[in-house]
Amino acid sequence: MYDVLTSRYTFSCPRHGQSRVSLSAFRTLEPLAGTGHPVVYRVRFACGCGDEHDGLVSHDELDWAPLGLEGGVFLNLMTSRVEPIATELADLAASRIGAGEWPWSFFCYPEERPRPVFPSSFFLLTPGDGALGLGVHCPVCRRTSVNVVSHEHVDVPFHNDREVGVVEQVFPDDLSATLEEFRAELWSGSFDARRLSL
Ligand SMILES: [Zn+2]
Ligand SMILES: [Zn+2]
């Protein structure tokens, strides 16, 4: 499902059979009720065919696979051999996290501070103006923030924008009820810049 070499998820597309998209092509994520552990997420993604489709992603594929913390191989360009990737990437990710670097972060507006986060806390991604509106359920205070970030901020682990736009609004817990309205209005407002250094 997730290919660590290309940073892409594979889903099925009714038109092309298969679709390979990056995390920033996700539009909504919601945990499926009753799946228990491990949690499975229903994802709506923007497909290359121009439509949006639904797919399923496991918690591991969302949060750990991009860090190489699942099985996988890579092509070692020095030796031209395919080698197991998991250990090396996992060690690298672990040491960076140990040094205080986080693969993903966001600015929690209700708490007025940056926070580390994992993609399973994202619930809404909506593109516009070359950027991405990113809705996050804060893993700490449980409230909702919307940041305006680059695509790389989402797609590339450990790439954190130095500054993000913050929508200065306290959202209802159930934003999904007004999601379409929100998507339409997001890009007509203005954002306040906040530094993301943790
Ligand atoms: Zn498609
Ligand atoms: Zn928070």
Side-chain angles (χ1 to χ4, degrees), residues 2 6-11 13-16 19-31 41-55 57 61-63 66 102-139 141-198:
Y2 183 83
T6 58
S7 309
R8 284 197 160 45
Y9 292 86
T10 305
F11 294 108
C13 163
R15 202 168 303 170
H16 296 144
S19 177
R20 292 154 60 77
V21 299
S22 50
L23 184 55
S24 60
F26 289 15
R27 292 293 167 259
T28 55
L29 292 86
E30 88 182 286
Y41 291 79
R42 181 193 289 118
V43 166
R44 178 145 277 254
F45 66 95
C47 182
C49 76
D51 280 341
E52 292 185 356
H53 316 301
D54 289 327
V57 183
E61 282 171 317
L62 270 180
D63 289 357
W102 282 88
W104 294 276
S105 61
F106 79 109
F107 195 92
C108 178
Y109 176 63
E111 294 184 280
E112 192 59 39
R113 58 162 294 172
R115 289 260 182 218
V117 72
F118 280 99
S120 57
S121 293
F122 301 161
F123 69 94
L124 170 76
L125 297 90
T126 182
D129 277 348
L132 207 55
L134 177 65
V136 185
H137 293 307
C138 180
C141 74
R142 304 269 154 212
R143 285 174 291 179
T144 297
S145 292
V146 177
N147 287 180
V148 176
V149 302
S150 69
H151 285 67
E152 292 77 22
H153 181 82
V154 167
D155 287 333
V156 184
F158 298 105
H159 174 109
N160 291 288
D161 291 349
R162 290 166 59 87
E163 263 184 14
V164 298
V166 175
V167 179
E168 298 189 290
Q169 187 179 336
V170 175
F171 295 96
D173 285 343
D174 188 17
L175 185 60
S176 48
T178 54
L179 212 54
E180 287 311 315
E181 198 181 323
F182 174 77
R183 280 173 149 187
E185 282 177 5
L186 173 64
W187 300 104
S188 61
S190 61
F191 317 109
D192 225 50
R194 297 288 205 289
R195 295 187 63 81
L196 255 196
S197 29
L198 291 165

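Just so you know, these numbers use all the heavy atoms, side chains as well, and skip hydrogens, waters and symmetry mates.
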- Task: Can you sort out the partners of S7 under side chain to side chain contact (heavy atoms under 4.5 Å, CB included), two or more places apart, ordered by chain and number?
- Result: Y2
- Determine yes or no for a side-chain-to-main-chain donor-acceptor pair under 3.5 angstrom, with R113 supplying the side chain and P110 the backbone. no
- State the SG-OH distance between C138 and Y109, to the nearest 0.5 angstrom. 14.5 Å
- Query: Looking at F11, Y9, F45, which one forms a ring pair (Phe, Tyr, Trp, His ring centres under 6.0 Å) with H53?
  - Reply: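 For H53, the ring pair (Phe, Tyr, Trp, His ring centres under 6.0 Å) test succeeds with only one of F11, Y9, F45, which is F45.
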- Task: Provide the closest heavy-atom pair for S19 versus G48 in the form atom of the first, atom of the second, distance.
- Result: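 Minimum heavy-atom contact is OG-N, 4.2 Å.
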- Item | Under 3.5 Å: donor-acceptor pair, side chain of W104, backbone of P157 | no
- Decide yes or no for P66 and L23: does some side-chain heavy atom of the first lie under 4.5 Å from some side-chain heavy atom of the second?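 No, too far: nothing below the 4.5 Å cut-off.
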- Validation row: R115, S145 side chains within 4.5 angstrom (heavy atoms):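 Heavy-atom side-chain distance check fails, nothing below 4.5 Å.
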- Message: The criterion is salt bridge (Lys or Arg N to Asp or Glu O under 4.0 Å); which residues satisfy it with D51, sequence neighbours excluded?
- Response: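 Testing D51 for salt bridge (Lys or Arg N to Asp or Glu O under 4.0 Å), a comparison that skips the adjacent residues, returns R15.
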- Task: Would you confirm whether H153, through its side chain, and S105, through its main-chain N or O, come within 3.5 Å as a donor-acceptor pair?
- Result: yes
- Message: List the residues meeting salt bridge (Lys or Arg N to Asp or Glu O under 4.0 Å) with R44, not counting sequence neighbours, and say none if there are none.
- Response: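 Partners of R44 under the salt bridge (Lys or Arg N to Asp or Glu O under 4.0 Å) test: E52, D54.
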- Query: Within a radius of less than 6.0 Å around CZ of R42, do more than 12 heavy atoms belonging to other residues, nucleotides or ligands occur?
  - Reply: no
- Atom pair CG/CG of L186 and D129 - distance to nearest 0.5 Å: 9.5 Å
- Query: How many angstroms lie between atom NE2 of H137 and atom CG of L124, to the nearest 0.5 angstrom?
  - Reply: 9.0 Å
- Query: Does S120 have any side chain to side chain contact (heavy atoms under 4.5 Å, CB included) partners at least two apart in sequence or in another chain, and if so, which?
  - Reply: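 Side chain to side chain contact (heavy atoms under 4.5 Å, CB included) check on S120 returns Y41, H59, L62, D63, F118.
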- Where P139 and F106 come nearest, the two heavy atoms and their spacing: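 Reported closest heavy-atom pair: CD-CE2, 4.0 Å.
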- Task: Starting at OG1 of T126, measure out to CZ of R27 and round the result to the nearest 0.5 Å.
- Result: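 So the gap between those two atoms works out to 6.5 Å.
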- Query: Ring centroid separation for F122 and F26, is it under 6.0 angstrom?
  - Reply: no
- Sequence-distant partners of E152, salt bridge (Lys or Arg N to Asp or Glu O under 4.0 Å), two or more places apart: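 Listed in chain order: nothing, the list is empty.
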- Message: Assess the residue pair N160 and V149 against the criterion (side-chain contact (heavy atoms from CB on, under 4.5 Å)); give the C-alpha distance rounded to whole Å, side-chain angles, the decisive distance to 0.1 Å, and a yes or no.
- Response: CA-CA 9 Å; N160 291 288; V149 302; over 6 Å; no
- Polar side-chain atom of N147 near backbone of F107 as donor-acceptor pair, under 3.5 Å: yes
- Task: Return the set of residues passing salt bridge (Lys or Arg N to Asp or Glu O under 4.0 Å) with R194 (not counting sequence neighbours), or none when no residue passes.
- Result: E112, E168, D192
- Note on the structure: OG (S22) and NE2 (H151) are apart, to the nearest 0.5 Å, by 7.5 Å
- Assess whether side-chain contact (heavy atoms from CB on, under 4.5 Å) is satisfied between W187 and V148, documenting all intermediate values. CA-CA 10 Å; W187 300 104; V148 176; 3.9 Å; yes
